[in-house]
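Below is one structure, written out as structure tokens; comments come after it.
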Amino acid sequence: MTPTTQPASHLVPDSERRGLIGALPPSLRPFASLMRIDRPIGTWLLFWPCAWSVALGNGWSGSWDLLLWFALGAFAMRSAGCVFNDIVDRKLDARVERTRARPLASGRVSLAAAWALLAGLCLIGLLVLLQLTPFAQLVALASIPLVAIYPFMKRITWWPQLWLGLVFSWGALVGWASNPLWPMVPDTRALIGGLGIGVMLYAGTLFWVIGYDTLYAIQDVEDDALIGIKSSARRLGDRAASGVGLFYATAILTWGAVLWSFRPHWLSLLALLPAALHLARQAIRADPADGQAALVLFRSNRTCGLLVFLAMLVVGSATR
């Protein structure tokens, strides 16, 4: 039987034959693939906004144990999001060359098993939730409707990347709300000011997510057009690189306003310069016609997250 005539259940991606997934027992590999264990970039991108707000609010003396809990939560929730997304998109994935080998689309994992895996990952998320302050717990739970609706947005709007930004930036709010000092804020004015900084950090992160997810969407432009899936990359077309640059510039300006509000000194802005240069390089090198190069640039946002974290850590430490 030739590869083109094999049933879908025989489609096994190369990623399940090597690396971390390849080292697992064969029966577990499709589930690990469903969770995207071989592609940790999503976990990093979900984790960094949490880490930024914790670093800014606590500095070097911050809650390092909280960062570990957020790392576990980012892994569990990103994995859960991938499982849920594949449940919703299983029929669409079967029609796209890049995704037809996914475990649900290829029939290697049953729908019932996928729901069971999703429930288990959500239990891990619940464990992390219980480690947070009551205020942070409420903030985290408020994101559930956004998460649940996201997989459907690519069918509705040209800007599903905006919705992903609302979801993947939420960690900035949760991390900021996790500061145990919130109940001790001296007055209403200080409370509003503090909350405003958290909202600005969230807004800047939202534009960052739109930028990097537009890069990610470039690789799927042709397949998305064939099956009617919408994206910012398709909407912007040849202007996608300029759009990415605009989104990144807005993110940097907003983060700069956050740092300036926290410590109004030019050195606060200088701390953000490495991240700004990194994002500028991405925008300059972005090519709407080169999906593989766009994917490499997208993945480099793991480094950008680290650079922003260091900026927040330095400014947060200097104000304590």
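All heavy atoms count here, side chains included; hydrogens, waters and symmetry mates do not.
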Exercise for the section: Decide if atom CZ of Arg263 counts as having more than 12 heavy atoms of other residues, nucleotides or ligands within a radius under 6.0 Å. Expected result: yes
Exercise for the section: Flag yes if more than 12 heavy atoms outside Phe84 fall under 6.0 Å of its CZ atom; otherwise flag no. Expected result: yes
Please write out which residues are connected to [X] in a hydrophobic cluster, directly or through intermediates, given that two of Ile, Leu, Val, Met, Phe, Trp, Tyr count as joined at side-chain heavy-atom separations below 4.5 angstrom.
{"X": "Leu273", "answer": "Trp266, Leu267, Leu270, Leu277"}
{"X": "Leu307", "answer": "none"}
{"X": "Leu68", "answer": "none"}

[X] side chain vs [Y] backbone, donor-acceptor pair below 3.5 Å:
{"X": "Ser33", "Y": "Arg29", "value": "no"}
{"X": "Arg108", "Y": "Ala101", "value": "yes"}
{"X": "Arg234", "Y": "Ala217", "value": "no"}
{"X": "Trp176", "Y": "Val54", "value": "no"}

Are side-chain heavy atoms of [X] and [Y] found at a separation under 4.5 Å?
{"X": "Ser178", "Y": "Phe70", "value": "yes"}
{"X": "Val109", "Y": "Arg102", "value": "no"}
{"X": "Val315", "Y": "Met312", "value": "no"}
{"X": "Ser106", "Y": "Arg100", "value": "no"}
{"X": "Asp93", "Y": "Leu104", "value": "no"}
{"X": "Val221", "Y": "Asp224", "value": "no"}
{"X": "Lys154", "Y": "Gln161", "value": "no"}
{"X": "Leu162", "Y": "Thr157", "value": "no"}

Exercise for the section: May I ask you to decide whether Asp89 forms a salt bridge with Arg155, counting only side-chain N to carboxylate O separations under 4.0 Å? Expected result: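 Salt bridge present between Asp89 and Arg155.
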Report the residues that fulfil side chain to side chain donor-acceptor pair (under 3.5 Å) with [X], sequence neighbours left out, ordered by chain and then residue number.
{"X": "Arg235", "value": "none"}
{"X": "Asp220", "value": "Arg98"}
{"X": "Arg36", "value": "Asp86"}
{"X": "Asn301", "value": "Trp208, Tyr248, Gln282"}

Nearest 0.5 angstrom please: [X] [atom1] to [Y] [atom2], how far?
{"X": "Met35", "Y": "Ile37", "atom1": "CE", "atom2": "CD1", "value": "4.0 Å"}
{"X": "Ile218", "Y": "Gln292", "atom1": "CD1", "atom2": "CD", "value": "12.0 Å"}
{"X": "Asp213", "Y": "Trp159", "atom1": "CG", "atom2": "CH2", "value": "11.0 Å"}
{"X": "His278", "Y": "Leu272", "atom1": "NE2", "atom2": "CG", "value": "12.5 Å"}
{"X": "Cys82", "Y": "Ile87", "atom1": "SG", "atom2": "CD1", "value": "11.5 Å"}
{"X": "Leu72", "Y": "Leu127", "atom1": "CG", "atom2": "CG", "value": "7.0 Å"}

Please answer: with hydrophobic residues joined when any side-chain heavy atoms are less than 4.5 Å apart, are [X] and [Y] in the same cluster?
{"X": "Leu215", "Y": "Val296", "value": "no"}
{"X": "Val199", "Y": "Ile210", "value": "no"}
{"X": "Leu67", "Y": "Val314", "value": "no"}
{"X": "Trp260", "Y": "Leu201", "value": "no"}
{"X": "Leu138", "Y": "Leu132", "value": "no"}

Exercise for the section: Determine, stepwise, if the pair Leu129 / Leu141 fulfils side chain to side chain contact (heavy atoms under 4.5 Å, CB included). Expected result: CA-CA 9 Å; Leu129 184 71; Leu141 291 173; 3.8 Å; yes
Minimum heavy-atom distance [X]-[Y], with the two atoms named:
{"X": "Ala177", "Y": "Thr133", "answer": "O-OG1, 3.3 Å"}
{"X": "Leu121", "Y": "Met77", "answer": "O-CE, 3.6 Å"}
{"X": "Pro288", "Y": "Ala240", "answer": "CG-CB, 4.1 Å"}
{"X": "Met153", "Y": "Ile149", "answer": "SD-CG2, 3.5 Å"}
{"X": "Leu34", "Y": "Ala114", "answer": "CD2-CB, 4.1 Å"}
{"X": "Leu259", "Y": "Ser268", "answer": "CD1-O, 3.4 Å"}

Practice task
Would you sort out whether Cys122 and Leu118 count as a side chain to side chain contact (heavy atoms under 4.5 Å, CB included), showing the intermediate values?
Solution key: CA-CA 6 Å; Cys122 288; Leu118 178 61; 4.2 Å; yes
Practice task
Just jot down the ring pair (Phe, Tyr, Trp, His ring centres under 6.0 Å) partners of Trp69, sequence neighbours excluded, or say none.
Solution key: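 Here no residue qualifies.
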Handout entry: Qualifying residues under ring pair (Phe, Tyr, Trp, His ring centres under 6.0 Å), relative to Phe75, sequence neighbours excluded
Key = none
Practice task
With Leu279 as reference, evaluate Ile252, Val308, Ile284, Leu297 under the side chain to side chain contact (heavy atoms under 4.5 Å, CB included) test and give the passing residue.
Solution key: Ile252
Problem - Summary of ring pair (Phe, Tyr, Trp, His ring centres under 6.0 Å) pairs that have at least one residue in residues 214-233, sequence neighbours excluded - result: Tyr216-Phe298
Practice task
Scan side-chain atoms only and decide if Thr214 and Ser232 contain a donor-acceptor pair under the 3.5 Å cut-off.
Solution key: yes
Problem - Ring center gap for Trp48 and Trp44 short of 6.0 angstrom - result: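 Under 6.0 Å, so yes.
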Exercise for the section: Verify the ring-centre separation between Trp255 and Trp52: is it less than 6.0 angstrom? Expected result: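 Between Trp255 and Trp52, which both carry aromatic rings, the centre distance is below 6.0 Å.
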Mind listing the side-chain donor-acceptor pairs of residues 164-175 below 3.5 Å, one per line with the distance, residues two or more places apart or on another chain?
{"unit_1": "Ser169", "atom_1": "OG", "unit_2": "Gly165", "atom_2": "O", "d": "2.7"}
{"unit_1": "Ser169", "atom_1": "OG", "unit_2": "Thr205", "atom_2": "O", "d": "3.4"}
{"unit_1": "Ser169", "atom_1": "OG", "unit_2": "Leu206", "atom_2": "N", "d": "3.1"}
{"unit_1": "Trp170", "atom_1": "NE1", "unit_2": "Val139", "atom_2": "O", "d": "2.7"}

Problem - Worked verdict on Leu66 versus Gln131 for side chain to side chain contact (heavy atoms under 4.5 Å, CB included) - result: CA-CA 8 Å; Leu66 185 60; Gln131 312 308 313; 5.8 Å; no
Practice task
Can you tell me which residue pairs pass the salt bridge (Lys or Arg N to Asp or Glu O under 4.0 Å) test with a partner in residues 237-262, sequence neighbours excluded?
Solution key: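 Every pair satisfying salt bridge (Lys or Arg N to Asp or Glu O under 4.0 Å) with a residue in residues 237-262: there are none.
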